[in-house]
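The block underneath contains the structure these notes are about, expressed in structure tokens.
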Amino acid sequence: MLDARLVSDRLPDFRTALTRRSAAAGASLDRVAVLSEQRRALIQRTEARQAERNAANQAMAKLAKGDPAEFAAKREELKRLSEEVKALEVELAALLAEMDQLLLTVPNVPDASVPDGASEADNVVVRTVGERPAFDFEPKEHWALGQELGILDFERAAKLSGARFSVLSGAGARLERALASYMLDLQTLQHGYTEVSGPLLVKAEALLGTGQLPKFEEDLFRTQRRVAEEDNQADQGALYLLPTAEVSLTNLHAGEVLEASELPLAYTAYTPCFRSEAGSYGKDIRGLIRQHQFGKVELVRVVSPEGSLEQLELLTSHAEAVLKGLGLHYRVSALCAGDLGFAAVKTYDIEVWLPGQGAYREISSCSLCGDFQARRAKIRFRSAPKAKPELVHTLNGSGLAVGRTLVAVLEQYQQADGSVRVPEVLQERLGTDVLRPG
RNA sequence: GGAGAGGUGACCGAGUGGCCGAAGGUGCAUGAUUGGAAAUCAUGUGUACGGGCAACCGUACCGAGGGUUCGAAUCCCUCCCUCUCCGCCA
């Protein structure tokens, strides 16, 4: 969420910056500006009356022991004043609520270094790493390889759960586990992340903190609670399936004031992620690329505002380290303003080469969110022991999406006979250096 | 699922209608004392919003929301959370 006061003080700057995302994003500020002017005036009016009422009530306390007739008269008078104050308070609360609701739907402002552009097509490749593997045969897609190897089964998954679910078995399940475990070890042992294992069901509040709610409810799976019938508050306590561990890791410190010495905090978690993604049907129907449930190792950093852009470079390098370790060819793109996620100030997508598809596909997305999430989740820190609390900056990135990594390993390491070599760093965990069909 | 207890500042803990943003203690900070430290003493020590160049002033906040009242941390209602015991359970 943006700072309401900053927005109203520097409206043109914010509008210009948000318009880089889209015209609609820029226009969303107009109403904010109007409301914030009203807010200031109404606060002043309300507080003046409150002060008046408080003073009168003070006098009343002293009067209480004295003249009963005067007391009664004063009481009538105060009753009117009190009602007036209450009306103002209601009006103010409504105004503040409207403003908050509105601000919660306004996306973050792109950093100056983010390239212009409207869509994916305008993203800028900043580096390409490793060699594109060469094949003297027609490389297959991962779903074909997986099914021939007998480790990937979509029909049986559909039997259980419908479309967009998968079953990995045997070496497939083991490969998934080996990948996740390799990633976690790398991030914790080499890069200093603290591993976390937490809830997979989270409250709406947490999703509001990181920005999935209120705008993107349709992408989420919401659970239902069995509650007493006739209870129209059934939805109040509803829990959502975690769409990404970014939510739980970032919200770990929601509402807290941290000490500067605790920063930066670095967390990682391997969790399943659940996404409904209404409207995505038709894209990537086959295979593991787009699933309702997928495993992901997430990286989250909570840092002080200064130097947070460098922290994004660092986080991105941590995600890349996984691909380098696995010997996978990939490239890194800076997302253009129009393709940036809701909460992001700046984002690098890491795209791995999938020879079967003949395309680079996103395998990690690393974002700096500035103070946008921190303001929503109320995560602050003190730069010095006595200093006022300030908002932290948050970053998140996949390190990496495990399912898509498995896809990349299958496709990049495939051989003419349908077998798949096992990347060196996984051989010990898997107990083999090659997966064979049959 | 059943029974009970409770949610107050960084922490402990008092407070049953006005003098309570909140006693007392601990912690922390600054100062005094000391060769230095401990102990002791003094002072200070929440957040947000509004006004002001500033010192500062005002308003709100005692789990959340609503109600009663001229006035609520205090009384009433609803919800959330925590703890204890029993049941069930990986």
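Letters A, B, ... are given to chains in the order of the sequence lines, protein chains preceding strands, and every chain is numbered from 1. Quantities reported herein were computed from a predicted structural model and do not represent experimental measurements. Only heavy atoms go into these numbers, but all of them, side chains included; no hydrogens, no water, no symmetry mates.
Among the duplex regions that RNA chain B forms, those built from at least three successive Watson-Crick or G-U pairs under 3.5 Å are B:1-7 with B:80-86, B:10-12 with B:24-26, B:27-32 with B:40-45, B:46-51 with B:56-61, B:63-67 with B:75-79, ordered by first number.
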TODO: Walk me through it: do A:Arg301 and A:Tyr267 pass the test side chain to side chain donor-acceptor pair (under 3.5 Å)?
DONE: CA-CA 6 Å; A:Arg301 299 180 72 81; A:Tyr267 292 114; over 6 Å; no

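B:C49 atom P lies 12 Å from atom CG of A:Asp9, rounded to whole Å. Atom CD of A:Glu205 is separated from atom P of B:C81 by 11 Å (rounded to the nearest Å). Atom C1' of nucleotide B:G71 and atom CD of A:Glu83 are separated by 14 Å, given to the nearest angstrom. What separates NZ of A:Lys79 from C1' of B:U68 is a distance of 11 Å, to the nearest Å. In this structure, NZ of A:Lys378 is placed 11 Å from P of B:C49, rounded to the nearest angstrom. Look at CD on A:Glu77: it is 10 Å from C1' on B:C70, rounded to the nearest Å. Counting to the nearest Å, the C1' atom of B:C49 and the CG atom of A:Leu6 are 15 Å from each other. Between A:Leu42 atom CG and B:C49 atom C1' there is a gap of 13 Å when expressed in whole angstrom units.
Between the side chains of A:Ser181 and A:Arg429, at least one donor-acceptor pair of N or O atoms lies under 3.5 Å. No side-chain N or O of A:Glu195 forms a donor-acceptor pair with one of A:Tyr270 less than 3.5 Å apart. A donor-acceptor contact closer than 3.5 angstrom is absent between the side chains of A:Ser8 and A:Glu37. Side-chain N/O atoms of A:Glu259 and A:Ser261 include no donor and acceptor closer than 3.5 Å. Between the side chains of A:Glu218 and A:Ser276, no donor-acceptor pair of N or O atoms lies under 3.5 Å. A:Arg164 and A:Gln291 are not linked by any side-chain donor-acceptor pair at a separation below 3.5 angstrom, with hydrogens and angles left out of the test. A donor-acceptor contact closer than 3.5 angstrom links the side chains of A:Glu217 and A:Tyr240.
Looking at heavy-atom distances under 4.0 Å, A:Lys86 makes contact with a base.
For the C1' atom pair drawn from B:G13 and B:C85, the interatomic distance equals 26 Å after rounding to whole Å. Annotation: B:A5 and B:C77 have their P atoms spaced 14 Å apart (nearest Å). B:C79 sits 34 Å from B:G25 when the C1' atoms are compared, rounded to a whole Å. Separation of the P atoms belonging to B:A10 and B:U45 is 14 Å when rounded to the nearest angstrom. Rounded to whole Å, the P atom of B:G15 lies 28 Å from the corresponding atom of B:G66. Atom name C1', nucleotides B:G71 and B:G67: the rounded distance is 15 Å, in whole Å. Taking the C1' atoms as reference points, B:U26 lies 26 Å from B:G36, given to the whole Å. The gap from the C1' atom of B:C20 to that of B:A72 amounts to 11 Å, rounded to the nearest Å.
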Side-chain donor/acceptor pairs under 3.5 Å, residues 93-101 of chain A, sequence neighbours excluded:
residue: A:Glu98; atom: OE1; partner: A:Arg31; partner atom: NH2; Å: 3.4
residue: A:Glu98; atom: OE2; partner: A:Arg31; partner atom: NE; Å: 3.1
residue: A:Glu98; atom: OE2; partner: A:Arg31; partner atom: NH2; Å: 2.9

Task: Annotated protein contacts, base or backbone, on nucleotides 50-64 of chain B with a non-hydrogen cut-off under 4.0 Å, one of B, S, - each - done: SS------BBS----

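Map A:Leu78 and A:Gln58 each onto its nearest nucleotide of RNA chain B; the residue landing nearer the 5' end is A:Gln58.
Between A:Ser82 and the phosphate of B:G71, there is a side-chain N or O to OP1/OP2 separation shorter than 4.0 Å.
Here the options are A:Thr347, A:Asn396, A:Thr394, the test is side-chain hydrogen bond (donor to acceptor under 3.5 Å, both in side chains), and the partner is A:Ser367; only A:Thr347 passes.
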Filtered N/O pairs between nucleotides 45-48 of chain B and protein, under 3.5 Å:
residue: B:U47; atom: OP1; partner: A:Arg382; partner atom: NH1; Å: 3.4
residue: B:U47; atom: O3'; partner: A:Arg380; partner atom: NH1; Å: 3.3
residue: B:A48; atom: OP1; partner: A:Arg380; partner atom: NH1; Å: 3.4
residue: B:A48; atom: OP2; partner: A:Lys388; partner atom: NZ; Å: 3.1

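Residue pairs meeting the ring pair (Phe, Tyr, Trp, His ring centres under 6.0 Å) criterion with at least one partner in residues 367-397 of chain A, sequence neighbours excluded, are A:Phe342-A:Phe372. Within the structure, every pair that satisfies the ring pair (Phe, Tyr, Trp, His ring centres under 6.0 Å) test and touches residues 155-178 of chain A, not counting sequence neighbours, is listed here: A:Phe165-A:His292.
Between A:Thr244 atom OG1 and A:Asp219 atom CG the span is 12.5 Å, to the nearest 0.5 Å.
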